[in-house]
Amino acid sequence: MKKLSQLITAIAPKELIGPIDKEITMLTPDSRRVEAGALFVAVRGVNVDGHSFIPVVSTSGVAAIVCEELPQFMDPSITYIKVANSAVALGCLASEWYDNPSRKLKLVGVTGTNGKTTTATLIYEMARLMGYKAGLLSTVRNYVDGTPYHTEQTTPDPLTINSLLHQMVECGCDYAAMEVSSHAADQHRIAGLRFEGGVFSNITRDHLDYHKTFDNYLKAKKSFFDNLGPDSWALTNIDDKSGEVMLQNTSARRYTYSLRTEADFTGRIIEDRIDGTLLSLNGHEVETMFTGRFNAYNLTAVYGASVLLGWPVEEVLVKMSQLVPVAGRFQTARSPRGYVAVVDYAHTPDAVVNVLNAIHEVKGAKAQVITVVGAGGNRDKGKRPIMAAEAARLSDRVILTSDNPRFEEPAAILRDMEAGLDAEQRSRTLTIVDRREAIRTAAALAQPGDVILIAGKGHEDYQEIEGVKHHFDDREVVLEIFKGEKA
């Protein structure tokens with residue numbers, strides 16, 4: 001429990017009606033969870049406005065209500081706290097509720113369209129390799145030191161974030177890394193957090209179903225850096241056209257990384273193979289287990305973040321070679337028949353291009369590339385034809401298939417993708433709604449030396465259809481196919 005008088009020190013009330021010398025039993029924005037003594041925060045969500053539930057929670061014994069608009073009828077037993085933005089207030093209150101855990105460890109946030117998961121996860125892994133306890137908040141899995149916790153969102157709600165950070169502090173973690181999604185930044189889920197530093201990877205078209213315009217999407221990403229304080233650092237990819245834009249209004253100390261030009265942290269690819277890359281990081285050669293230019297960017301960002309966290313350069317370089325690829329990110333497996341399957345989470349046009357370019361850089365001269373790709377339902381429809389066109393441009397054969405159709409008709413999604421293909425590309429493309437059959441067909445078409453890219457789902461172990469998640473794992477399907485093959 002917390003005193004209301006203590007909690008409200010974390011926010012700036014515009015108006016306060018009622019006593020603040022109250023014990024608060026719980027903090028929640030969910031009207032269904034309100035109990036006697038609770039502090040309810042009425043947040044305006046995407047689909048539901050929490051203010052509409054104020055009359056309901058007022059009958060539950062709630063102690064106080066945070067809102068942007070005071071209700072017409074106010075109960076004298078309830079304390080009303082009017083604020084400018086309830087979502088921001090929730091983040092700050094959640095931080096205070098859990099004793100401000102982000103101020104008790106060094107938290108690094110990673111944002112961008114592609115590379116967030118890999119970069120955040122590798123910063124977490126680097127901390128552990130350096131001998132520290134650390135935590136991770138990511139798309140794939142959340143970790144409190146080495147203990148995994150299931151994740152539903154790239155960036156959870158403020159209470160979940162602070163609860164996990166609090167657990168990290170309790171178990172002695174010194175560092176934490178987290179992905180910061182554009183949705184989370186726009187919805188103020190990270191309000192109240194203190195970041196040691198922030199990393200920007202890149203920005204390309206994504207999530208326009210939510211943000212509506214690319215400019216809105218960019219502003220959401222940029223707001224993360226805008227809110228960093230002068231005692232934090234900001235590390236940006238200056239090879240991205242929006243890299244410097246991210247830092248225009250930040251108060252944080254500014255640093256850059258690049259593969260193309262001189263920067264604070266400069267990476268160079270010396271040798272690239274299907275099973276690894278020899279990198280130069282600020283002039284030091286490092287053998288890594290990662291493939292592709294996009295991973296070279298991720299590793300350069302990790303190197304920069306590690307140095308900015310104060311870890312010794314010589315030790316960081318040694319540990320870089322010990323890092324392993326993240327689940328579902330350019331995971332490779334060699335078939336008994338001699339072709340290679342690559343499973344990758346690439347689900348945007350730019351990510352598909354990055355992975356296919358990486359494959360072309362390391363495949364044999366005569367090897368063909370066969371790509372299995374789909375697009376999610378109830379998401380940005382504009383990227384569907386673009387993804388198909390890019391896959392066809394960089395592949396010898398393409399198989400369009402389902403990828404979390406959600407509440408849309410799978411065949412309709414694939415028709416949207418087909419619309420991006422010209423006649424020649426269509427002649428090299430198959431459309432197979434069943435994803436398992438699509439992967440099997442790709443394997444049957446592959447010859448020794450060829451590379452199959454299975455894009456879009458990566459670490460996911462489900463297909464979401466009509467609101468139900470059915471077990472499906474691209475990696476499992478690949479291994480099943482390999483078991484039935486003969487060398």
Side-chain angles (χ1 to χ4, degrees), residues 114 204-209 328 330-331 339-360 367-447 450-466 470 472-478 480-481:
N114 302 310
T204 58
R205 179 188 179 118
D206 199 15
H207 300 305
L208 298 197
D209 54 302
F330 212 93
Q331 279 192 282
Y339 63 86
V340 173
V342 177
V343 174
D344 193 272
Y345 188 54
H347 60 284
T348 66
D350 187 63
V352 170
V353 169
N354 286 339
V355 175
L356 285 169
N357 280 337
I359 289 171
H360 279 282
Q368 294 208 357
V369 178
I370 303 168
T371 296
V372 179
V373 65
N378 303 108
R379 297 293 188 269
D380 179 13
K381 293 186 178 183
K383 73 179 182 182
R384 294 174 184 175
I386 302 172
M387 284 182 67
E390 294 289 24
R393 180 175 66 85
L394 293 168
S395 307
D396 298 285
R397 298 293 301 270
V398 174
I399 302 176
L400 303 179
T401 192
S402 297
D403 179 350
N404 292 335
R406 298 184 177 88
F407 292 96
E408 283 195 69
E409 175 59 43
I413 297 173
L414 298 182
R415 285 195 294 272
D416 288 343
M417 296 189 77
E418 289 170 346
L421 305 176
D422 60 30
E424 188 278 329
Q425 290 171 332
R426 285 173 186 264
S427 70
R428 299 184 282 107
T429 301
L430 297 173
T431 300
I432 302 174
V433 173
D434 185 275
R435 191 173 180 92
R436 187 182 302 272
E437 187 57 35
I439 296 171
R440 288 190 180 279
T441 301
L445 292 171
Q447 299 298 313
D450 289 350
V451 180
I452 297 173
L453 170 62
I454 305 164
K457 296 185 65 61
H459 66 282
E460 292 180 350
D461 59 2
Y462 61 85
Q463 275 276 53
E464 187 175 344
I465 304 170
E466 296 292 335
H470 304 268
F472 190 96
D473 190 320
D474 287 346
R475 297 161 296 181
E476 289 179 5
V477 174
V478 167
E480 287 171 8
I481 292 170

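Along the sequence shown, residues are numbered consecutively beginning with 1.
- A 4.5 Å side-chain heavy-atom check between Ile370 and Tyr339 finds every atom pair outside the cut-off.
- Between the NE2 atom of His347 and the NZ atom of Lys457 there is a distance of 11.0 Å, given to the nearest 0.5 Å.
- Looking only at distances, no side-chain donor or acceptor of Asn357 sits under 3.5 Å from a matching main-chain atom of Asn354.
- Listed for the Arg384 side chain is a donor-acceptor partner under 3.5 Å among the backbone atoms of Gly376.
- In terms of modelled atom types and a separation under 3.5 Å, the side chain of Asp344 and the main chain of Phe330 share a donor-acceptor contact.
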side-chain hydrogen bond (donor to acceptor under 3.5 Å, both in side chains) between Thr348 and Asn114: does it pass, once the steps are laid out?
CA-CA 8 Å; Thr348 66; Asn114 302 310; 3.3 Å; yes
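- Here the side chain of Asn404 pairs a donor or acceptor atom with the backbone of Glu464 at under 3.5 angstrom.
- Considering every non-hydrogen atom in both Ile413 and Ala375, the closest pair reads CG2-O, 3.4 Å.
- Taking the centre of each ring, His459 and Tyr345 come in below the 6.0 Å mark.
- Scanning both residues, Pro405 and Gln463, for their nearest heavy atoms gives CD-OE1, 4.1 Å.
- A heavy-atom distance below 4.5 Å is found between the side chains of Phe472 and Arg436.
- Residues Val373 and Thr401 have side chains not in contact (no heavy-atom distance under 4.5 Å, counting atoms from C-beta outward).
- In this structure, the side chain of Asp396 engages the main chain of Val369 through a donor-acceptor pair within 3.5 Å.
- Checked by atom type and distance alone, the side chain of Ser427 pairs as donor or acceptor with a backbone atom of Glu424 at under 3.5 Å.
- Between the OG1 atom in Thr429 and the CD atom in Glu418 there is a gap of 8.5 Å [rounded to 0.5 Å].
- Checking side-chain atoms of Gln331 against main-chain N and O of Gly328 turns up a donor-acceptor pair under 3.5 Å.
- Once rounded to the nearest 0.5 Å, the distance linking OG of Ser402 with CD of Glu409 reads 8.5 Å.
- Shown here for Val398 and Ala392, the closest heavy-atom pair between the two residues is CG2-CA, 3.6 Å.
- Atoms CG and OG1, on Leu394 and Thr371 in that order, are 8.0 Å from each other to the nearest 0.5 Å.
- Looking at heavy atoms from C-beta onward, Ile452 lies out of side-chain contact with Val340 at the 4.5 angstrom threshold.
- Applying the side-chain hydrogen bond (donor to acceptor under 3.5 Å, both in side chains) rule to Asp474 yields the partners Arg435; only residues at least two apart in sequence or on another chain are considered.
- Taken from CD1 in Ile439 to CG in Asp434, the straight-line distance is 9.0 Å, to the nearest 0.5 Å.
- Atoms CG and CD1, on Leu414 and Ile399 in that order, are 12.0 Å from each other to the nearest 0.5 Å.
- The shortest non-hydrogen separation linking Ala341 to Val478 is CB-CG1, 3.9 Å.
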Stepwise, does the salt bridge (charged side-chain N to carboxylate O under 4.0 Å, His left out) test hold for Glu466 with Arg406?
CA-CA 5 Å; Glu466 296 292 335; Arg406 298 184 177 88; over 6 Å; no
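- Nearest heavy-atom pair across Ala443 and Ile481 is CB-CG2, 3.7 Å.
- Here the closest non-hydrogen pair linking Ala391 and Leu356 is CA-CD1, 3.9 Å.
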Under the salt bridge (charged side-chain N to carboxylate O under 4.0 Å, His left out) rule, what do Glu390 and Arg393 come out as? Steps first, then yes or no, please.
CA-CA 5 Å; Glu390 294 289 24; Arg393 180 175 66 85; 2.7 Å; yes
